[in-house]
Number of protein chains: 2
Amino acid sequence: MIQPRPRTIPEATVARLAVYLRVLSTLADGGRSTVSSGELATAAGVNPAGLRKDLSHLGPCGVRGVGYEVDTLRDRIGRVLGVERSRPCVLVGIGNLGSALADYAGFGSRGFEFVGLFDASPARIGQRIGGQAVRPIDELEAVVTATQASIGVITTPGAVAQAVCDRLAAAGVRSILNFAPVTLATPDGVDVRKVDLSVELQVLAFLGQQRLAPAIGEPA
Amino acid sequence: MIQPRPRTIPEATVARLAVYLRVLSTLADGGRSTVSSGELATAAGVNPAGLRKDLSHLGPCGVRGVGYEVDTLRDRIGRVLGVERSRPCVLVGIGNLGSALADYAGFGSRGFEFVGLFDASPARIGQRIGGQAVRPIDELEAVVTATQASIGVITTPGAVAQAVCDRLAAAGVRSILNFAPVTLATPDGVDVRKVDLSVELQVLAFLGQQRLAPAIGEPA
DNA sequence: AACCGCTTGTGAACGCAGGAACAAAGTCGC
DNA sequence: GCGACTTTGTTCCTGCGTTCACAAGCGGTT
């Protein structure tokens, strides 16, 4: 009757839950039945206290003095993240990166299924990738409607990414993963996550050069 | 004489500076000479005040009442991020994703150059990608030493990622970009950034399902 | 030359995530 | 059956990042 579990789980926690889920799967494959928060935290690269706090969002799911049951915890996290049901995704832009993603087996095992691969180039249409044929971009709306795809992945050149994004949003896609090097504008109710590989490299480069700087800048 | 500029720029700010840099390049190509913080912020998808605070880490570089000079600001950010000098990178794991990255032209224009592509599979060795031949993994240490590569990119299967990471760190690589779905352990002084595509999708999926939940969970 | 509008740069408050410390609770040994 | 140990779940606190709001400064105009 009571609803003590707040509906809102911080986004940072959700991201870590996905990591825990993967570690737990590895442990389960290894035959482990229980884990302590300390061990899980080490494997996931986080602080033990933070891990327990993350897990507390799911309600009590450990045994004091023992730890967490691997199978139970894995199922619980999986249920919260919604891994049990397969989610249809569409992928637009079948270049090198798009092909790699379409062919990546890791998505299927985590509940994501590509139900449509689209490209504008006639040269790529009909090509088979990951057991699926590339379709012309014109069929995008029809496929989204027919499959009720809720997630769209954009791996097009930056110049057309916004146009693709607009079409996806208009067709009913509400979550977009953007690999194109542009910032997308979307209507309310549509989530965008951006993966920018150049930015990642530049941050790394800056941190690397900054690591040497203090020795020079601080003569005292 | 004074050193009012603190050497430490927040990591979140560095990531946004890279985004601003790209927007500024686009504006410069379009012939624009000045921009206001509001316009830049809109294009970058951030808050105008936050953008100004980010830029304040570089010292005063705008003109009140007018805005920022596009070329000047672009050069300034580029200098802080260290874009002017090319940075040698090595890439380990030439599968679909690795091939896509090796072939991506966007890196070269931003100061990153792959000086070595490595794989363990004999079938891939010698294959030419992006004008470069794939080398056997045994040559990793020699190439890192010879080229002074400071950045390593890991696109191997998860099972061997830690071993590759150890070898990179031992060879002197101090910045690692990890695409493998595992959490890497590294010695102090080595930075790791992780890009986990499955986690991104799972966060999107969770946000999407959470968007519908409140309407059900709150009957009042 | 003085005024006015516009934009930057900065100071302060708010909210959130992360980390450390502590109490509750369950198990193992005697 | 009882005590001590281990580990969870929670609470407090500190620090960072973000946002709002205002004063300072520059250009254009009269």
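Reminder, nothing fancy here: chain letters follow the sequence lines and each chain counts from 1.
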Kindly write out the residues that satisfy ring pair (Phe, Tyr, Trp, His ring centres under 6.0 Å) with B/Phe107, not counting sequence neighbours, or none if the list is empty.
B/Tyr104, B/Phe114
Expressed as a whole number of angstroms, how long is the span from [X]:[atom1] to [N]:[atom2]?
| X | N | atom1 | atom2 | result |
| --- | --- | --- | --- | --- |
| B/Leu73 | C/dT7 | CG | P | 16 Å |
| A/Leu55 | C/dG18 | CG | P | 14 Å |
| A/Asp54 | D/dT10 | CG | C1' | 14 Å |
| A/Arg76 | D/dG9 | CZ | C1' | 13 Å |
| A/Arg16 | C/dA17 | CZ | P | 9 Å |
| B/His57 | C/dT10 | NE2 | C1' | 12 Å |
| A/Leu17 | C/dA17 | CG | C1' | 15 Å |

Might you point out which heavy atoms bring A/Ile176 and A/Cys165 nearest each other, and give the distance in Å?
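Closest heavy-atom pair between A/Ile176 and A/Cys165: CD1-SG, 3.8 Å.
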Do A/Ile154 and A/Leu184 have side chains that approach each other closer than 4.5 Å (heavy atoms only, starting at C-beta)?
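Yes, their side chains come closer than 4.5 Å.
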Side-chain heavy-atom pair A/Val70, A/Ser33 within 4.5 angstrom cut-off:
no
Check: protein-nucleotides 28-30 of chain C nitrogen or oxygen pairs below 3.5 Å:
none

So for the helix from C/dA1-D/dT30 to C/dC30-D/dG1, with five pairs setting each end axis, what is the inter-axis angle to 10°?
0°
Short N-O contact, A/Glu141 and A/Arg167, less than 4.0 angstrom:
yes
What are the residues of residues 38-49 of chain B, sorted by number, that bring a heavy atom to within less than 4.0 Å of DNA chain D?
B/Asn47, B/Ala49
Tell me what B/Gly62 touches on the nucleic acid: a base, only sugar-phosphate, or nothing, going by heavy atoms under 4.0 Å.
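If one applies the 4.0 Å heavy-atom cut-off, B/Gly62 turns out to touch the sugar-phosphate alone, with no base involved.
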Can you name the atoms? Protein N/O to nucleotides 5-7 of chain D N/O, anything below 3.5 Å, with the distance.
| from | atom 1 | to | atom 2 | distance (Å) |
| --- | --- | --- | --- | --- |
| D/dT7 | O4' | A/Gly65 | N | 3.3 |
| D/dT7 | O2 | A/Gly65 | N | 3.4 |

Donor-acceptor contact present, side-chain [X] to main-chain [Y], <3.5 Å:
| X | Y | result |
| --- | --- | --- |
| B/Asn178 | B/Val182 | yes |
| A/Arg76 | A/Leu58 | yes |
| A/Thr155 | A/Val92 | yes |
| B/Ser175 | A/Ala205 | no |
| A/Gln209 | B/Val80 | yes |

State whether a side-chain donor-acceptor pair under 3.5 Å links B/Thr13 with B/Asp54.
yes
Return the polar atom pairs (N/O with N/O) between nucleotides 12-16 of chain C and the protein under 3.5 Å, or none.
| from | atom 1 | to | atom 2 | distance (Å) |
| --- | --- | --- | --- | --- |
| C/dA12 | N6 | B/Lys53 | NZ | 3.0 |

Any chance CZ of A/Arg16 has more than 12 other-residue heavy atoms, nucleotides or ligands included, within less than 6.0 Å?
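Yes - once you tally the heavy atoms of other residues, nucleotides and ligands closer than 6.0 Å, there are more than 12.
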